[in-house]
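For reference, the structure discussed in these notes is given below.
Throughout, protein chains are lettered first and strands after them, A, B, ... in sequence-line order, and every chain is numbered starting at 1.
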Amino acid sequence: MTSTWDSLQWRGLIAQSTDEEALKPSVDGGRMTIYAGFDPTAASLHFGNLVQLILLRHLQQAGHRIICLVGGSTGQIGDPRPSSERILKTKEQTAEYVDKIQQQVRPFLNFDGDNGAIMVNNLDWTAPMSALDFLRDVGKFFRVNQMIRKDAVAARLESQEGISYTEFSYQILQGLDYLHLFREYGCTLQTGGADQWGNLTAGVDLVHRAEGSTVHALTTPLITDSSGRKFGKSEGNAVWLSPEMTSPYAFYQYWINVEDASVVHLLKVFTDMTPDEVAEMEQATAERPAARAAQRELAQRVTTLVHGAHATEQVEAASQVLFGKADPAQLEEQTLVDVTGELPAGEGQVGMSVVDALVATELAASKGAARRLIADGAVSVNNAKVTDAEQVLSESDFLHSRLALLKRGRKNMATLNLA
RNA sequence: GGCAGGUUGUCCGAGCGGCCAAUGGAAGCGGACUGUAAAUCCGCCGGCGUACGCCUACGCAGGUUCGAAUCCUGCACCUGCCA
């Protein structure tokens with residue numbers, strides 16, 4: 001597949017664009033300057049942002065110049081959600097998040113060499129602007145009539161809560177970014193998630209009105225599972241890219257657990273496998289679904305991309321032991337320590353009740369919850385099911401006088417280290 | 001500033017003096033089945049205690065009452081209409 005555009009389309013990375021006819025030749029041929037923005041709403045990027053990073057990566061590899069914007073100013077305002085108004089974070093907090101996110105983006109793109117990506121922060125051009133200039137030079141180009149048609153804004157206007165002027169202004173701020181990057185860098189394409197369409201077109205319109213130039217926008221589809229649920233949630237929490245917020249082990253497990261119906265699609269989106277390689281996996285899944293070859297491949301590749309090869313080897317080894325038939329008591333001490341390294345951990349001692357151990361390792365939120373789990377038959381110590389809620393840990397439960405392996409349900413594990 | 005309506009558990013949303021830790025739905029957790037899938041079925045789902053129980057909770061602070069999420073007063077915040 002020689003066409004970049006066609007290849008992106010095949011991968012399922014293109015949902016909508018402003019003018020495909022004009023855009024496709026540019027994406028395939030020339031060297032465009034392209035930007036995508038990430039707002040620092042948390043200390044880490046998450047699953048949803050990963051799609052954007054993957055897209056940018058492909059585009060850079062195709063020879064385009066990438067500008068990565070981290071929203072020091074937009075992050076202080078907040079993109080309106082359809083549900084409710086955001087609580088403002090302090091400026092200091094936002095600045096801290098900007099730093100973290102900038103670091104997190106680096107491994108995905110090449111920032112050196114003659115086609116190095118450029119990192120920018122919209123605070124640099126927004127902060128010096130006066131409110132008066134903002135209203136006169138930028139606001140004048142926006143029609144409120146059009147602004148209120150944006151989905152999230154429209155939803156909020158219908159709601160009891162309404163919408164603050166702050167959040168209402170968000171799209172102007174994001175539009176301003178595009179105008180700035182067009183002027184400074186000749187940027188002519190902005191990419192984003194499907195839910196960003198309104199914000200992207202706000203920028204496209206602004207550039208057109210202010211400069212008389214035509215620029216483009218391109219969105220990636222929202223990734224969902226077979227029943228239409230948004231992807232990227234594990235135990236109700238977002239899957240983060242930061243190892244502090246989602247351990248590499250949990251991250252790897254998330255991908256391993258992907259349903260059969262989605263795995264092929266996810267391989268296309270999140271890995272750089274070729275159509276032939278993907279077809280092979282598709283066949284493997286069809287013939288021997290229980291082997292989960294495609295899931296393993298997916299988990300291995302994405303975890304390597306995000307957490308590196310070393311961490312991936314560790315979590316793969318851990319997963320094999322923990323989900324294999326291996327009896328943890330049979331493992332050598334070093335193997336056991338390596339394998340459990342990525343698991344959540346707590347401290348305990350001989351004589352501690354299993355209930356307390358579950359709470360100590362955060363496998364259970366409270367003692368009551370721990371008792372219920374035991375009653376449900378969900379708990380095991382070193383792969384031996386616990387049936388008595390009063391059970392106490394003995395010396396032999398701490399393998400190699402060192403740690404015990406606790407399990408809640410089939411796939412939630414933790415180590416209890418002997419204090 | 002005036003008038004009207006609203007604020008309930010993770011979310012949505014009932015309750016409108018005792019039977020309310022609070023109906024229902026969603027999400028989540030666990031079990032069974034299987035393949036560390038999907039679908040389905042079953043159980044759990046504020047905290048503490050083995051249990052009769054105790055504590056905390058229905059925006060905040062007071063009050064009425066034997067008894068309040070439910071009534072009254074004040075305050076905060078949100079929404080709509082008017083100015």
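Across the C1' atoms, C29(B) and U10(B) are found 13 Å apart, a figure rounded to whole Å. The separation of C60(B) from U8(B), taken at their C1' atoms, amounts to 15 Å, rounded to a whole angstrom. Rounded to whole Å, the C1' atom of G13(B) lies 14 Å from the corresponding atom of A69(B). Nucleotides G67(B) and G59(B) have their C1' atoms positioned 23 Å apart, rounded to a whole Å. Atom name C1', nucleotides G53(B) and G6(B): the rounded distance is 37 Å, in whole Å. Going from the C1' atom of C55(B) to that of G15(B) covers 24 Å, rounded to whole Å. G18(B) and C72(B): their P atoms are spaced 15 Å apart (whole Å). Taking atom P in both G9(B) and U23(B), the straight-line distance is 13 Å, to the nearest Å.
Under the Watson-Crick or G-U wobble criterion, with both distances below 3.5 Å, G1(B) is paired with C82(B). For A21(B), there is no paired nucleotide, since no Watson-Crick or G-U wobble pair has both relevant distances below 3.5 Å. A51(B) is unpaired under the Watson-Crick or G-U wobble criterion, no partner having all donor-acceptor distances under 3.5 Å. Across all strands shown, A32(B) pairs with U40(B); the Watson-Crick or G-U wobble distances both stay below 3.5 Å. In a base pair of the Watson-Crick type (N1 to N3 plus N6-O4 or O6-N4) or a G-U wobble (N1-O2 and O6-N3), with each distance short of 3.5 Å, A14(B) is matched with no nucleotide. The partner of G74(B) is C60(B), by the rule that a Watson-Crick or G-U pair needs both atom distances under 3.5 Å. Under the Watson-Crick or G-U wobble criterion, with both distances below 3.5 Å, A68(B) has no partner in any strand shown.
Note: CZ (Arg372(A)) to C1' (G30(B)) measures 11 Å, nearest angstrom. Put simply, CD on Gln253(A) is 11 Å from P on U36(B), counting in whole angstrom units. To the nearest angstrom, P of G28(B) lies 13 Å from CZ of Arg408(A). Separating the CE atom of Met413(A) from the P atom of C29(B) is a distance of 15 Å, rounded to the nearest angstrom. Separating the NZ atom of Lys411(A) from the P atom of U36(B) is a distance of 9 Å, rounded to the nearest angstrom. Taking atom CE of residue Met281(A) and atom C1' of nucleotide A37(B), one finds them 17 Å apart after rounding to whole Å. Between the CH2 atom of Trp255(A) and the P atom of A37(B) there is a distance of 17 Å, rounded to whole Å. The interatomic distance linking Arg81(A) (CZ) with C12(B) (C1') rounds to 16 Å, in whole Å.
Ranked by how close their nearest RNA chain B nucleotide is to the 5' end, Ala261(A) and Ser164(A) are led by Ala261(A). Along RNA chain B, the nucleotide closest to Glu390(A) and the one closest to Asp376(A) are compared, and the more 5′ of them pairs with Asp376(A).
Within the nucleic acid shown, Val263(A) has no heavy atom closer than 4.0 Å to any nucleic acid atom. Nucleic acid contact for Arg292(A): base, since at least one base atom lies under 4.0 Å from a heavy atom of the residue.
Within the structure, every side-chain polar atom (N or O) of Lys367(A) is placed at least 4.0 Å from both OP1 and OP2 of G47(B). For the OP1/OP2 pair of U50(B) and a distance below 4.0 Å, the side-chain nitrogens and oxygens of Arg371(A) include at least one atom meeting the criterion. At least one side-chain nitrogen or oxygen of Asn412(A) sits closer than 4.0 Å to the OP1 or OP2 atom of G30(B). Between Ser319(A) and the phosphate of U36(B), there is no side-chain N or O to OP1/OP2 separation shorter than 4.0 Å.
With hydrogens and angles left out, the side-chain atoms of Glu390(A) and Ser353(A) include no donor and acceptor closer than 3.5 Å. In this structure, a donor-acceptor pair under 3.5 Å is absent between the side chains of Trp255(A) and Gln300(A). Using modelled atom types and a 3.5 Å distance limit, the side chains of Asp260(A) and Gln295(A) yield a donor-acceptor pair.
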The test is ring pair (Phe, Tyr, Trp, His ring centres under 6.0 Å); show your working for Phe270(A) and Phe47(A) and say whether it passes. CA-CA 11 Å; Phe270(A) 289 102; Phe47(A) 186 97; 5.3 Å; yes
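Set against C48(B), A37(B), U36(B), the side chain of Asp260(A) has A37(B) as its closest nucleotide. Of the candidates G47(B), G30(B), G35(B), G35(B) carries the atom nearest the Ala290(A) side chain, counting heavy atoms from C-beta on. Checking A38(B), U36(B), C48(B) against the side-chain heavy atoms of Phe323(A) singles out U36(B) as nearest.
No salt bridge links Arg372(A) with Asp376(A); every basic N to acidic carboxylate O contact stays at or beyond 4.0 Å. We find that Lys150(A) and Asp79(A) are joined by a salt bridge, their nearest charged nitrogen and carboxylate oxygen being less than 4.0 Å apart.
Between Val215(A) and Met32(A), the closest side-chain pair of non-hydrogen atoms is not below 4.5 Å. Side-chain contact between Tyr254(A) and Val302(A) is absent, with no heavy-atom pair separated by less than 4.5 Å.
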